[in-house]
Amino acid sequence: MFEKSTWIRLPRNVVVGHGVRSSVVEVVDELHLQGRPLLVTSPTPRAVAAEPVAADFEAAGIDPAIVTIESATFESVETVIEAAEAEAASYLIGVGGGKAIDIAKMASHHLDMGFLSVPTAASHDGIVSNRGSVPDGDTRHSVAAEPPLAVVADTEVLAEAPWELTTAGCADIISNYTAVMDWRLAKRLKNVEFSEYGAALSEMTAEILVDNADHVRPGLEESAWVVTKALMSSGVAMSIAGSSRPASGAEHLFSHQLDRLAPEAALHGHQVGVGSIMTAYLHGGEHGIWRDIRDALDSIDAPTTAAELGLDDETVLEALTTCHEIRDRYTILGNGMDERAAREVATKTGVID
Ligand SMILES: NC(=O)C1=CN([C@@H]2O[C@H](COP(=O)(O)OP(=O)(O)OC[C@H]3O[C@@H](n4cnc5c(N)ncnc54)[C@H](O)[C@@H]3O)[C@@H](O)[C@H]2O)C=CC1
Ligand SMILES: O=C(CO)COP(=O)(O)O
Ligand SMILES: [Zn+2]
């Protein structure tokens with residue numbers, strides 16, 4: 001008897017475009033959400049979007065609360081849960097980059113409340129995903145949560161954000177190529193659960209973004225449009241898979257380890273992009289797709305070397321040789337690389353000199 005079942009959760013409304021920030025109150029109304037919102041944000045996005053959105057709620061006769069978090073940690077999730085209880089909030093709205101949205105997502109899951117995602121940067125593909133990503137000591141968790149009830153992505157706001165945030169979003173998408181390679185390998189070697197649809201959507205998203213790289217240029221609002229659609233599509237791939245596997249393989253392990261070794265050195269997307277060049281080399285060797293990945297990153301101004309990430313060679317090598325320990329996720333790194341092999345891949349791909 002065939003007894004398999006799945007439950008794919010997706011946002012009900014996705015609103016993308018010029019000036020849609022002012023539609024948040026209308027979107028909330030359309031979802032029949034009642035009571036008081038708690039806006040979860042971080043310092044810069046607070047001024048950029050959370051305060052204007054709060055003003056829109058006040059104008060509509062709704063009294064919003066705001067909590068500002070500084071980092072993506074379980075302590076921040078706790079802070080938001082306490083704020084929601086103290087402020088008698090009925091639903092949450094994550095306003096910001098990946099960190100604020102992840103924290104809102106995880107707190108809303110814990111509180112059993114709905115949440116909305118209002119990105120201020122096209123910098124990561126967690127905008128609609130059903131996962132939260134949190135460091136915890138020596139490990140990194142991919143925490144199951146629910147996706148947002150709605151996403152309101154204002155391309156005017158996203159286009160005004162610093163350009164490197166958009167190139168980080170592109171790199172997070174380009175890294176899907178190697179994430180899916182790792183996923184297929186893990187299916188073949190370790191029989192991990194695999195979704196053809198999740199994998200195909202993830203790869204197609206990277207393909208479309210690379211094909212449209214010419215439209216990704218600083219100062220063009222169209223760039224925010226192209227990149228945001230890709231970020232949403234990649235997030236949907238994660239929701240279909242019920243895992244971050246379609247968008248997170250060894251290149252993400254490398255980035256997560258860099259977050260521990262050199263906190264705040266570079267953006268998540270930029271780190272996974274450089275990781276992806278090296279893991280593509282490990283998968284395909286000299287004639288694999290590593291040059292295509294490097295050239296795609298280069299064409300949208302994303303870093304391709306340790307120096308461009310602001311890292312020294314030794315930090316890159318340490319991350320490469322230790323990052324397989326960060327999570328129980330089988331990838332091309334297997335049980336780990338030795339230092340000579342790490343130096344070889346990093347040198348051959350031009351990541352280090
Ligand atoms: N849950 C998921 O599926 C995923 C989660 N992530 C997580 O997201 C995080 C990375 O996201 P990021 O957005 O790179 O980090 P982030 O949230 O720290 O934002 C990066 C920087 O951009 C600033 N910023 C945001 N919007 C701005 C604006 N409009 N103008 C000026 N500055 C602005 C923020 O204040 C921050 O300093 C990581 O923690 C990563 O693990 C990334 C991908 C997927
Ligand atoms: O960043 C992600 C996808 O782009 C997902 O993060 P994890 O590696 O924590 O699952
Ligand atoms: Zn990522």
Side-chain angles (χ1 to χ4, degrees), residues 21 40-50 52 68-73 76 94-106 109 117-136 139-148 153-176 178-179 182-183 202 205-206 224 230-232 234-239 241 243-259 263-264 266-273 275-276 323 326-327 329 331:
R21 186 185 65 194
V40 180
T41 190
S42 61
T44 309
R46 180 176 177 131
V48 169
T68 304
I69 56 105
E70 303 278 345
S71 55
T73 57
S76 296
V95 184
K99 289 180 183 162
I101 289 174
D102 267 0
I103 298 305
K105 192 184 291 175
M106 287 183 280
H109 182 69
S117 172
V118 181
T120 59
S123 50
H124 66 98
D125 59 6
I127 294 171
V128 302
S129 78
N130 63 343
R131 324 290 306 175
S133 182
V134 193
D136 184 19
T139 59
R140 179 84 171 210
H141 299 282
S142 174
V143 182
E146 261 109 89
D154 189 326
T155 48
E156 192 181 8
V157 172
L158 300 172
E160 277 171 12
W163 173 238
E164 66 265 22
L165 292 171
T166 307
T167 66
C170 292
D172 208 13
I173 296 296
I174 290 167
S175 81
N176 287 7
T178 47
D182 280 321
W183 195 14
S202 170
T205 303
L231 296 169
M232 307 253 187
S234 188
V236 169
M238 288 190 254
S239 290
S243 149
S244 61
R245 270 284 194 182
S248 172
E251 73 299 316
H252 271 67
L253 300 180
F254 170 72
S255 169
H256 297 333
Q257 189 67 311
L258 287 178
D259 285 345
E264 312 285 330
L267 290 164
H268 167 85
H270 290 166
Q271 293 177 171
V272 302
S276 194
C323 68
I326 232 175
R327 175 182 288 167
R329 172 164 292 192
T331 70

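Below, all heavy atoms of this structure are taken into account, side chains as well, without hydrogens, waters or symmetry copies. All ligand and atom numbering here is 1-based and tracks the order in the structure.
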At what distance is the nearest protein heavy atom to atom 9 (O) of ligand 2, and which residue and atom is it? S133 OG, 2.6 Å

In ligand 1, which numbered atoms sit nearer than 4.0 Å to a non-hydrogen atom of R131? 1 (N), 2 (C), 3 (O)

Among N, O or S atoms, H252 approaches the Zn ion (ligand 3) most closely through NE2

Tell me the nearest of R327, H124, M238, R140 to atom 7 (P) of ligand 2, using heavy-atom distances. R327

Going by distance alone, is a donor N or O of one side chain under 3.5 Å from an acceptor N or O of the other, for N176 and S234? yes

Write down the atom of R327, the atom of S244, and the distance for their closest heavy-atom approach. NH1-OG, 4.3 Å

Taking the side chain as every heavy atom from C-beta outward, state whether H268 and H252 have any pair of such atoms under 4.5 Å apart. yes

Do any of the N, O or S atoms of H268 sit under 2.8 Å from the Zn ion (ligand 3)? yes

Are a donor atom and an acceptor atom from the side chains of K105 and S117 found within less than 3.5 Å of each other? no

Is the distance from the Zn ion (ligand 3) to the nearest N/O/S atom of D125 under 2.8 Å? no

I need the nearest protein heavy-atom contact for atom 10 (O) of ligand 2: residue, atom name and distance, please. S244 OG, 2.5 Å

Below a 4.0 angstrom heavy-atom separation, can you tell me which part of S248, side chain or backbone, both or neither, approaches ligand 2? side chain

So is G98 polar-close to ligand 1, meaning N/O to N/O under 3.5 Å? yes

